[in-house]
Amino acid sequence: MTEVLLNVYDVTSAESQTTTSTINVINNVTHALNLGGVFHGAVEVFGEEWSFGYCVRGTGVYACPPKQNPFYQHRETLLLGVTKKSRQEVNAIISRLKVEWPGGTYNLLNRNCCHFCEDICKYLGVGPVPGWLNRFAAGAEATINFADKVAVSWSNWSTQMQQTTQQSTSWLKNSLRNLTNGRNGAEDGVGENSSEVEPQPQSRFRTSGLRVQKPPPTN
């Protein structure tokens with residue numbers, strides 16, 4: 001049995017001391033309010049500190065001396081509990097995690113070093129890690145997911161409106177076309193299919209056999 005520790009670091013910028021100082025100030029305020037911050041997390045067990053980061057090839061799981069990660073500034077250490085796992089069992093867990101956490105799968109919002117800490121704690125039977133450790137990333141991911149859903153909903157609504165408009169326009173055109181064709185058909189039918197016979201002018205002469213009867217002379 002051995003203690004399992006969570007080492008929390010402030011994320012720093014090697015290129016800008018001003019940026020590092022700004023992050024430290026933000027973390028001090030947000031951490032005091034239990035709102036989280038921009039942190040790097042690592043789990044210490046059996047004298048080794050394990051964490052996760054991005055790399056092009058291979059595993060993203062790596063070890064360093066406890067509280068001495070050269071890329072970050074150590075802030076504090078928290079006790080997560082006592083694991084019942086032996087050193088050999090912990091080594092087997094680390095080997096498994098190296099396979100499950102390749103460096104190319106790193107994502108700042110939903111698969112970062114703090115998510116790795118949560119996973120390794122489950123294997124060790126300790127924890128959980130405090131919620132504020134990864135709260136900023138969770139909030140950012142939720143915001144992005146919400147924005148994506150709004151964009152998809154707007155796109156679907158626009159498509160439905162466009163389809164409805166096209167269907168309505170097509171229906172209106174067909175209705176007008178049918179109305180016009182019906183009117184023209186009615187006008188063309190007069191005289192062709194009508195049973196009425198055009199009146200013929202009466203002849204001044206009436207024929208009866210071969211004799212022609214002339215009208216009487218006028219005075």
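In this text the structure is predicted, and so the values were computed from the model without any measurement.
For the pair Val61 and Thr59, the tightest heavy-atom approach, listed with the atom from each and the gap, is N-OG1, 3.1 Å. Counting all heavy atoms, side chain and backbone alike, Gly47 lies closest to Pro66 at O-CG, 3.5 Å. When all heavy atoms are compared, the tightest approach of Leu6 to Cys117 is CD1-SG, 4.0 Å. The nearest pair of heavy atoms linking Thr83 to Val45 is CG2-CG2, 4.4 Å. The two residues Leu133 and Cys114 have their closest heavy-atom pair at CG-SG, 3.6 Å.
For Tyr54, the side-chain contact (heavy atoms from CB on, under 4.5 Å) partners are Val56, Tyr106, not counting sequence neighbours. Partners of Pro102 under the side-chain contact (heavy atoms from CB on, under 4.5 Å) rule, at least two apart in sequence or in another chain, are Thr105, Arg111. Among residues two or more places apart in sequence or in another chain, the side-chain contact (heavy atoms from CB on, under 4.5 Å) test is passed with Ser95 by none. Not counting sequence neighbours, Lys98 has no partner by the side-chain hydrogen bond (donor to acceptor under 3.5 Å, both in side chains) test.
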request  = Apply the test side chain to side chain contact (heavy atoms under 4.5 Å, CB included) to residues Tyr9 and His74: give CA-CA distance (whole Å), side-chain angles for both, the deciding distance (0.1 Å), then the verdict.
outcome  = CA-CA 4 Å; Tyr9 295 80; His74 181 257; 3.8 Å; yes
request  = Give the intermediate values and the outcome of side chain to side chain contact (heavy atoms under 4.5 Å, CB included) for residues Ser51 and Val43.
outcome  = CA-CA 7 Å; Ser51 191; Val43 172; over 6 Å; no
request  = Step by step, work out the side chain to side chain donor-acceptor pair (under 3.5 Å) result for His115 and Asn134.
outcome  = CA-CA 8 Å; His115 295 106; Asn134 209 23; 3.0 Å; yes
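Legend: salt bridge (charged side-chain N to carboxylate O under 4.0 Å, His left out) pairs involving residues 47-61, not counting sequence neighbours: none detected. For the salt bridge (charged side-chain N to carboxylate O under 4.0 Å, His left out) condition, no pair includes a residue of residues 122-134, sequence neighbours left out. Within the structure, salt bridge (charged side-chain N to carboxylate O under 4.0 Å, His left out) contacts touching residues 86-96 (residues at least two apart or in different chains) are Arg96-Glu100.
Looking only at side-chain heavy atoms (C-beta outward), Val8 and His40 stay at 4.5 Å or farther from each other. Side-chain contact between Val11 and Phe39: absent, with no pair of heavy atoms (C-beta onward) separated by less than 4.5 Å. By the 4.5 Å heavy-atom criterion applied to side chains, Leu78 and Pro130 are counted as neighbours. Using a 4.5 Å heavy-atom threshold, the side chains of Val129 and Cys121 count as touching. Annotation: side chain of Glu44 is in contact with side chain of Lys67 (closest heavy-atom distance under 4.5 Å).
Leu5 and Leu97 end up in different hydrophobic clusters when Ile, Leu, Val, Met, Phe, Trp and Tyr side chains are linked at under 4.5 Å. Under the 4.5 Å side-chain heavy-atom criterion for ILVMFWY residues, a single connected hydrophobic cluster contains both Leu108 and Phe116.
Here OH of Tyr72 is found 13.5 Å from CG of Asn7. Values are rounded to the nearest 0.5 Å.
Its side chain outside the 4.5 Å cluster rule for every partner, Val99 clusters with none of the Ile, Leu, Val, Met, Phe, Trp and Tyr residues.
Under the 6.0 Å cut-off for aromatic ring centres, Tyr62 and Trp50 do not qualify, their centroids lying 6.0 Å or more apart.
Screening Val4, Leu124, Ile120, Thr2 for a side chain to side chain contact (heavy atoms under 4.5 Å, CB included) with Val90, the sole residue that qualifies is Leu124.
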